Protein chains: 2
Amino acid sequence: MKLSDGVEAAIHCAAVLAQLNGEATLPGSALAELHGLSPSYLLKHLQALTAAKILESIPGPNGGYRLAKAPERISLLDIVLAVEGHQPAFRCGEIRQRGPGALEAEAYVKPCGIKVAMLKAERAWRAVLAETKLSQIVSGYEADADPRAVAFNCAFIARHQRPQGETSLKKSK
Amino acid sequence: MKLSDGVEAAIHCAAVLAQLNGEATLPGSALAELHGLSPSYLLKHLQALTAAKILESIPGPNGGYRLAKAPERISLLDIVLAVEGHQPAFRCGEIRQRGPGALEAEAYVKPCGIKVAMLKAERAWRAVLAETKLSQIVSGYEADADPRAVAFNCAFIARHQRPQGETSLKKSK
DNA sequence: ATATCCAGGATAGAGAATATCCACGATAGG
DNA sequence: CCTATCGTGGATATTCTCTATCCTGGATAT
Ligand code: FES
Ligand code: FES
């Protein structure tokens, strides 16, 4: 069992976007550069997050990505499901109705107890992820990470974010 | 994210073996036939369970598999870990120390908050699986499944199990 | 001695995840 | 209008893991 690598990148990106000012956006290429990732591949995950209404995208020059809602309303579960898909990790192949001794399909209305137990465990996993909001991740990061790393991130964001206030705004040198 | 298919087979097999009398064993080929699976492949998973001390195997004619301990002492987590391996599903690639702005390795002694949150969720999943014992699965099965299926399984087991009492025992008919 | 069974390594094949690339539509700025 | 920038989405190549099978060797009851 393995979660796809994109999950780590997606959460980190979302955490960065949560630190933008107001309606500003950050281009996908900046996100890729900041994390040392290939832009082409990261964009795929950002698209998935956009499709899931977690991010918003603004096309055109001066465009980019930003959160679609407040960080308090975005859970890790939202992000994981957007990237990984909504299928449960345990997939019951109805092994019980194979082999000799198989009955008609009507005999299997009650779900297999093993399936029930596995999905219950998965619900517990999802519940913890659903409780963890992006806002907690961000404040945890600002409190625990090396101050130099935090400062660099801030500067990087300030340097690449796009103010997005309807029209122009002079770029200071 | 996907759990390997072998997990479903392994748990079902363990549940069947839990229904054996005393020290009797059941050959892997019978287990495969009962579930309509390829013997060659199922054996791989049974070997993993044996290596994890969940099953015991007896070589030679009249040999086979049986549980290595009481069903109350075997949890679903034991089986899942034996088949899937012990690595967590979320693997942190330390994405935070890539890209520009990376610091020396000593600056990253504190684990990344995202990693901590993901592993915490995984612990919750494992905790539920650890609480669910094989004995509960078996009694749930006997209570909920179609009586005809239960009867067939019983008969199948009675037909293929190997008594294992030190030496011979005449095969009736 | 022989037949049955498990252990474990070697090896294809299938399918998913990873990683790129490009043509397209949208938009801000000149 | 024209152009440069940026996201969208499809097509594609590559890499890995999971799936599935086979075969040699060791153990053991008859
Ligand atoms: S039949 Fe799928 S878990 Fe039992
Ligand atoms: S660096 Fe791996 S989860 Fe943050």
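Everything quoted here is computed from the prediction, not taken from an experiment.
Nucleic acid contact for A:Ile58: sugar-phosphate only, since backbone atoms but no base atoms lie under 4.0 Å from a heavy atom of the residue. Backbone-only engagement by A:Ser38 is indicated by non-hydrogen atom pairs under 4.0 Å involving sugar-phosphate atoms exclusively.
For the OP1/OP2 pair of D:dT17 and a distance below 4.0 Å, the side-chain nitrogens and oxygens of B:Ser4 include no atom meeting the criterion. Applying the 4.0 Å criterion to OP1 and OP2 of D:dA29, one finds that B:Arg162 has every side-chain N and O outside that range. The shortest distance between the side-chain N/O atoms of B:Ser29 and the OP1/OP2 oxygens of C:dC5 is not below 4.0 Å. Distances shown here put every side-chain N or O of A:Tyr41 at or beyond 4.0 Å from the OP1 or OP2 atom of D:dT15.
Contacts of A:Ala145 classified as side chain to side chain contact (heavy atoms under 4.5 Å, CB included), with partners at least two apart in sequence or in another chain: A:Tyr141, A:Val150. Every residue meeting the salt bridge (charged side-chain N to carboxylate O under 4.0 Å, His left out) condition with B:Arg148, not counting sequence neighbours, appears here in chain and number order: A:Glu104, B:Asp146.
For the pair B:His45 NE2 and D:dT21 P, the computed distance is 12 Å after rounding to whole Å. Spacing between atom CG of B:Asp5 and atom C1' of D:dT17 amounts to 12 Å, rounded to whole angstrom units. Rounded to an integer number of Å, the gap from CG of A:Leu46 to P of D:dT8 is 8 Å. Residue A:Met1 contributes atom CE, which lies 11 Å from atom P of D:dC18 at whole-angstrom precision. A:Leu43 places its CG atom 11 Å from the C1' atom of C:dT20, with the value rounded to the nearest Å. Between the CG atom of A:Leu26 and the P atom of D:dT5 there is a distance of 17 Å, given to the nearest Å. With rounding to whole Å, B:Lys2 atom NZ is found 11 Å from C:dG15 atom P. Between the P atom of C:dC24 and the CD atom of A:Gln47 lies a distance of 17 Å, rounded to the nearest Å.
Under the Watson-Crick and G-U wobble criteria, each requiring two contacts below 3.5 Å, nucleotide D:dT28 is paired to C:dA3.
You'll find that the side chain of B:Lys44 is closest to D:dT21, out of D:dT21, C:dT27, D:dG26.
Taking the nucleotide of DNA chain D with the nearest heavy atom to each of B:Leu3 and B:Gly60, the more 5' of the two is matched to B:Leu3. Closest-nucleotide positions on DNA chain D for B:Pro61 and A:Thr50 were compared, and the one nearer the 5' end corresponds to A:Thr50.
Within a 6.0 Å sphere centred on CZ of A:Arg73, heavy atoms belonging to other residues, nucleotides or ligands number 12 at most.
Under the 4.0 Å criterion applied to side-chain N and carboxylate O atoms, A:Lys120 and A:Glu122 are not assigned as salt-bridge partners. Between B:Arg66 and B:Glu56 there is a salt bridge, with a side-chain nitrogen of the basic residue lying less than 4.0 Å from a carboxylate oxygen of the acidic one.
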